[in-house]
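Okay, structure first, notes after.
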Amino acid sequence: MGGKCTLGLAGVVLVTVALAGCAGNSEQRPSESPSPTPSGVSIPDLSTFTPAPNGTKLDDESGGGTVHPKPAPAWDASQRSNAVVAAEKALTAFARPDLNSTEWWAALSPLLTPQAQQDYQSVDPANIPAHKLTGHGTIVDDSSTYAVSVEVPTDAGTYTIILTRRDGASPWLASRFTPPAGTH
């Protein structure tokens, strides 16, 4: 071997085990960390953090600006009614296959979240099977005061509209239109 020292696999294992034993036998335990979610992402308990006081200046790394906390959304009969009205209005604007793309988009886009505007901007309204609403919307999931699912009947079946809002002072905006089963 020409004077070189080589370590076989057994030697590497022995050195690794020996070094691991030298690491110490301290009884320190790692600090508690948040439990991972099903996706494997650990989410901290937000209730342990104190929100910034009203008027707090943010640093340049966070985008600057001033913190002005908005009111938490109420979840009363009036807010539920507002959500149903917003879903019906959004679906009325969406279910217009008789309009050209420019007119359709001008009516629909202000009723959508920024992400939904990106998602629906290239939709051809001629491909939408619904033409009109045939009844009133019904809330089917109101487990959050920031997001709600509303079912609205149309001449093509019942659509589910998901609405979201940033805070209690913000309007409901449509983020998703799910057509009836069996339609595209």
Side-chain angles (χ1 to χ4, degrees), residues 35-47 51-52 54 58 62-184:
S35 301
T37 63
S39 65
V41 176
S42 294
I43 301 173
D45 179 4
L46 297 180
S47 67
N54 192 17
L58 300 176
S62 62
T66 303
V67 174
H68 295 288
K70 302 289 186 192
W75 204 221
D76 55 21
S78 174
Q79 289 298 319
R80 284 179 167 77
S81 176
N82 290 345
V84 170
V85 168
E88 291 173 352
K89 184 176 180 181
L91 188 56
T92 297
F94 180 80
R96 293 294 311 270
D98 56 315
L99 295 179
N100 67 47
S101 293
T102 303
E103 293 171 319
W104 178 79
W105 188 245
L108 179 63
S109 63
L111 307 174
L112 302 176
T113 64
Q115 181 62 51
Q117 288 175 356
Q118 291 179 10
D119 295 343
Y120 289 99
Q121 69 184 347
S122 61
V123 168
D124 181 355
N127 293 326
I128 297 170
H131 295 79
K132 64 180 179 176
L133 278 59
T134 58
H136 295 288
T138 304
I139 295 175
V140 293
D141 183 358
D142 64 356
S143 57
S144 169
T145 59
Y146 295 94
V148 64
S149 295
V150 180
E151 288 185 347
V152 181
T154 72
D155 59 343
T158 300
Y159 273 74
T160 301
I161 297 86
I162 298 174
L163 302 165
T164 63
R165 59 183 173 174
R166 288 187 306 188
D167 53 58
S170 296
W172 288 107
L173 297 173
S175 64
R176 180 71 49 209
F177 298 91
T178 304
T183 61
H184 302 131

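Because only heavy atoms are used, hydrogens play no part in the values below, and waters and symmetry mates are left out as well, while side chains stay in.
Listed by first and then second residue, the ring pair (Phe, Tyr, Trp, His ring centres under 6.0 Å) pairs involving residues 105-124 are Phe94-Tyr120, Tyr120-Phe177 (not counting sequence neighbours). Contacts classified as salt bridge (charged side-chain N to carboxylate O under 4.0 Å, His left out) and involving residues 81-97 (residues at least two apart or in different chains) are given here: Arg96-Asp98. Residue pairs that meet the salt bridge (charged side-chain N to carboxylate O under 4.0 Å, His left out) test with at least one member in residues 103-116, sequence neighbours left out, do not exist here. Pairs passing the ring pair (Phe, Tyr, Trp, His ring centres under 6.0 Å) check and including a residue from residues 125-149, sequence neighbours excluded, do not occur. Applying the salt bridge (charged side-chain N to carboxylate O under 4.0 Å, His left out) test to residues at least two apart or on different chains, the pairs with a partner in residues 127-155 are Arg80-Asp142.
Closest approach of Gly137 and Val84 over heavy atoms only: O-CG1, 3.6 Å. The two residues Pro180 and Ala156 have their closest heavy-atom pair at CG-O, 3.3 Å. Between Ile128 and Ala95 the shortest heavy-atom distance is CG2-CA, 4.1 Å. Smallest separation of non-hydrogen atoms from Val152 and Gly135: CG1-O, 4.3 Å. Nearest heavy-atom pair, Ser149 versus Thr160, reported as atom, atom and distance to 0.1 Å: CB-CG2, 4.2 Å. Taking each heavy atom of Ala130 and Tyr159 in turn, the nearest pair found is CB-CE1, 3.6 Å.
Take Ala74 and apply the side chain to side chain contact (heavy atoms under 4.5 Å, CB included) test, not counting sequence neighbours, and it matches Asp76, Gln79. Legend: residues meeting side chain to side chain donor-acceptor pair (under 3.5 Å) with Gln115, ordered by chain and number and at least two apart, are Asp119. Under the rule for a side chain to side chain contact (heavy atoms under 4.5 Å, CB included), the partners of Ala169 that lie at least two apart in sequence or sit in another chain are Pro71, Asp167. In terms of the side chain to side chain contact (heavy atoms under 4.5 Å, CB included) criterion, residue partners of Ser175 (sequence neighbours excluded) are, by chain and number, Thr113, Ile162, Thr164. Residues that satisfy the side chain to side chain contact (heavy atoms under 4.5 Å, CB included) test with Thr145, not counting sequence neighbours, are Pro73, Trp75, Arg165. Among residues two or more places apart in sequence or in another chain, the side chain to side chain donor-acceptor pair (under 3.5 Å) test is passed with Ser101 by none.
In this structure, the side chains of Leu112 and Leu173 stay at 4.5 Å or more apart for every pair of heavy atoms.
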Applying side chain to side chain contact (heavy atoms under 4.5 Å, CB included), run through Val85 and Trp172 and close with a yes or a no. CA-CA 9 Å; Val85 168; Trp172 288 107; over 6 Å; no

